[in-house]
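The sequence lines fix the lettering, A, B, ..., with proteins before strands; numbering per chain opens at 1. A quick note: this is a predicted structure, and the numbers were derived from the prediction, not measured.
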Protein chains: 2
Amino acid sequence: MKRKITLKHIARELDVSISTVSKALKNSEEISRETKEKIQAFAKLYNYKPNNIAISLKNKKTKNIGVIIPDIVHHFFTTVFRGIEKYANDKGYNVIVCVSDESFDKEVINMEMLANGSIDGFIMALSAETQLKNDFNHLKQVTDQGIPLVLFDRVTDEVNCDKVVIDDQAAAHMAVSKMIADGRKRIALVTTENYLNVSSKREDGYKQALKEHNIPVRDELILRLPYQYEDEKLSEVFFATQEVDAVLCVNEIFAIRTIRFLQDNQLQVPTDVSVIGFTDGILSRLSNPTLSSVAQHGEEMGTIAAKMLIDKVESDVEEGDEQYHTEVVEATLIERESTRSS
Amino acid sequence: MKRKITLKHIARELDVSISTVSKALKNSEEISRETKEKIQAFAKLYNYKPNNIAISLKNKKTKNIGVIIPDIVHHFFTTVFRGIEKYANDKGYNVIVCVSDESFDKEVINMEMLANGSIDGFIMALSAETQLKNDFNHLKQVTDQGIPLVLFDRVTDEVNCDKVVIDDQAAAHMAVSKMIADGRKRIALVTTENYLNVSSKREDGYKQALKEHNIPVRDELILRLPYQYEDEKLSEVFFATQEVDAVLCVNEIFAIRTIRFLQDNQLQVPTDVSVIGFTDGILSRLSNPTLSSVAQHGEEMGTIAAKMLIDKVESDVEEGDEQYHTEVVEATLIERESTRSS
DNA sequence: TATTAACACGAAACCGATTTCGTGCTTTAT
DNA sequence: ATAAAGCACGAAATCGGTTTCGTGTTAATA
């Protein structure tokens, strides 16, 4: 086993000082050509690589960024993560991921763990529980310490920091308008219990689009499922209101399950009922019929978030007069088989 | 902004030495009760938390583990990751993820980046390109340095380290045997180009099961798709051999696409053709018909891998006489709608 | 009263780098 | 010959902790 070699080893072997070795390896003008060549050759030979931790300690920069997401087994977050990771890696940063599992406590613990020097900044989406509790002290503590923070998708107005979101309301509005334009009249919404910021915005967009077209908003057409859906619930609305001719779902899973439910009840998609989901993921592309879906462009969101964070990390502007921005990524409707004019 | 407070600050404020503060905070017997109380109170008040980096440097332990996977937007890896993350977090470790994107070079770069002190050990699945090149020097370098390594799923015999796999051959064997027992006779295999270790093992299992039941292995029934599948290819086999009555696919996506293809060609699943996939993911549960699938128990694999790694990291057994183990996680066949006896 | 032990704390080394500030020696200018 | 410059390098501080070893003071023992 070849243990890692340090500056000290090189210095000892070559009978020079540690400072000389350090300078030589940085090609400093201060060191004579021959000494540099000797040291560099030796370093190459023994494959010397500086210890990241020591450098971090000295620089007070870790080149690590912390990402905290509610769930990793979820296509959207996974996509955002990929955007973050790619951009960060290109810039020489590593990514430490923590999964909050939708739990407030885990979110707090994870942040505290990472905030003590492990990372240069955070990118995160709030857990469901955090949004429910409306308690953001852990975020404020972090920003108070001068650690840059970027929130994406699940954000809050309570915290002052950079944010990346899609215009959920506009996206839902667009989807519903499209259905209306296709001649659909009784448009249902399948959403989550609305402590989730994004869900309620989508609901707003849904309602607004209906109103603009003088279609009454009917509460029976709005189905609120728990975030961890259970199968049976789906039936209620549709049995209650047979004549639904279109459904907007706030995520892919709800949409797929809606389609399945309709099919099992002898309704044809899109002939009888048109369906649009959110989160353009693998399910949308591979379901049968394929699912029309609002693409949230997760990877792009990730890239933007990473860029915002790293820019802030590397800028020397001392805070006080900081400007925080909210980037809005435009959502696009990807039309597939599950929609067609009636 | 409240900058982070250090031992030095506390020492200065309270007019004691840094060593005293350090000991007091660890509740050392060496320090008097009153001094300890004073220091602890002060530390609490100013919310003192030791700097992780400094501790890492001193201990030569980072409490970070590096995970390198080919792709994060892939249900199986995501599942394994969740297992790793949960276990590691419970043990006080953080997880740094790098995505190799199936590229050899990225894998090498990422490993080198992390190997210089950033992590205490690696968990990884080999990239496709690495398996193709059959070049594992980067892995050997890491193990030579005494950094523990655990390989999962995509492993190789060339490297001496702990491993976690499922018995792919047995799993495929089981799936095919089940189809045979159901009365299926012409069983096709949809697989990837077989530089992927796992694919070739599954193919072995497929062939072996056929042989054991005296069913001839027919090459026309084996379809090899590029890893990044393209749609058209799927048609060939099935058009060539209309009478296929069962299909085993080496992943979920191939399976879903097979089902869709069959349906588009007026074949009923499972009535006419029975389909089984690998990777029991979200697609399997939500497709129509739902997909029978070989569950690889990714989360369990992740947990085991994390446990093996952390055990090794925390054991003081100096190497030389190390024992490496390969844990085999049993695959199980989850039967859903896509299979039924003919 | 002299000696020793116990107590409470501080100095300093160390982890592995970077960087500032000196300093001895050679070379050039006066 | 002497002072000033320049070159090549080393000592030491620093980042923020941990830990070993000493040491001055007090209390217990002979």
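Distance I31(B) CD1 to dG10(C) C1': 9 Å, rounded to the nearest Å. Residue L7(B) contributes atom CG, which lies 12 Å from atom P of dT19(D) at whole-angstrom precision. The distance from atom CZ of R3(B) to atom P of dG16(D) is 10 Å, rounded to the nearest whole Å. Separating the NZ atom of K38(B) from the P atom of dA8(C) is a distance of 13 Å, rounded to the nearest angstrom. Taking atom CG on L57(A) and atom C1' on dA13(D), their separation rounds to 13 Å, with Å as the unit. Distance NZ (K26(A)) to C1' (dC9(D)): 18 Å, rounded to an integer number of Å. For the pair N27(B) CG and dT18(D) C1', the computed distance is 16 Å after rounding to whole Å. The CD atom of E34(A) sits 15 Å away from the P atom of dC7(D) (whole-angstrom rounding).
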**OP:** Dump the intermediate steps for salt bridge (Lys or Arg N to Asp or Glu O under 4.0 Å) on E102(B) and R154(B), then the final yes or no.
**Re:** CA-CA 11 Å; E102(B) 303 288 8; R154(B) 309 244 203 107; 2.9 Å; yes
Original post:
Are K38(B) and E34(B) close enough, and set up right, to give a salt bridge (Lys or Arg N to Asp or Glu O under 4.0 Å), and what steps lead you there?
Top reply: CA-CA 6 Å; K38(B) 182 179 63 177; E34(B) 27 182 3; over 6 Å; no
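Between its opening and closing five pairs, the helix from dT1(C)-dA30(D) to dT30(C)-dA1(D) changes axis direction by 80°, a value rounded to 10 degrees.
Inspection of the N51(A) and K4(A) side chains reveals no N or O donor paired with an N or O acceptor under 3.5 Å. In this structure, a donor-acceptor pair under 3.5 Å is present between the side chains of E107(B) and H138(B).
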Contact list (N/O, under 3.5 angstrom) for nucleotides 22-26 of chain C vs protein:
none

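For the pair D120(A) (side chain) and T62(A) (backbone), a donor-acceptor distance under 3.5 Å is present. Judged by distance alone, with hydrogens and angles left aside, the side-chain atoms of E158(A) form no donor-acceptor pair with the main-chain N or O of N134(A) at under 3.5 Å.
Across all strands shown, T35(B) has heavy atoms under 4.0 Å from sugar-phosphate atoms exclusively, and none from any base. At the heavy-atom level, K58(A) lies under 4.0 Å from base atoms of the strands shown. If you check every strand for non-hydrogen atoms under 4.0 Å, S32(A) touches sugar and phosphate atoms only. In this structure, S22(A) reaches the bases: a heavy-atom distance under 4.0 Å links it to at least one base atom across the strands shown.
Ranking dG10(D), dA17(C), dT19(D) by closeness to the V16(A) side chain, first place goes to dG10(D). Nearest nucleotide to the T20(B) side chain, out of dG10(C), dT18(D), dG17(D): dG10(C). Comparing atom distances between the T6(B) side chain and each of dG10(D), dA17(C), dG17(D) picks out dG17(D) as nearest.
Between K106(A) and E129(A) there is no salt bridge, since none of the side-chain N atoms of the basic residue sits less than 4.0 Å from a carboxylate O of the acidic one.
For the pair K23(A) and A54(A), nearest-nucleotide mapping onto DNA chain C gives the more 5' position to A54(A). Two residues, I18(B) and K49(A), neighbour DNA chain C, and the one matched to the more 5' nucleotide by heavy-atom proximity is I18(B).
Remark: aromatic rings of H9(A) and Y48(A) are distant, center separation not under 6.0 Å. Aromatic rings of F77(A) and F81(A) (six-membered ring for Trp) have centroids beyond the 6.0 Å cut-off, not under it.
Here Y48(B) reaches the OP1 or OP2 of dG17(D): one of its side-chain N or O atoms lies under 4.0 Å away. Under 4.0 angstrom from either OP1 or OP2 of dG16(C) there lies at least one side-chain N or O belonging to K60(B). Distances shown here put a side-chain N or O of K8(A) below 4.0 Å from the OP1 or OP2 atom of dC15(C).
Side-chain atoms of V150(A) and L309(A), non-hydrogen and from C-beta on, do get closer than 4.5 Å to each other.
You won't find any donor-acceptor pair under 3.5 Å spanning the side chain of S56(A) and the base of dA17(C), going by distance alone.
Using bins of under 30°, 30° to 60° and over 60° for the plane-to-plane angle, the ring pair H74(A)/F76(A) lands in the perpendicular bin.
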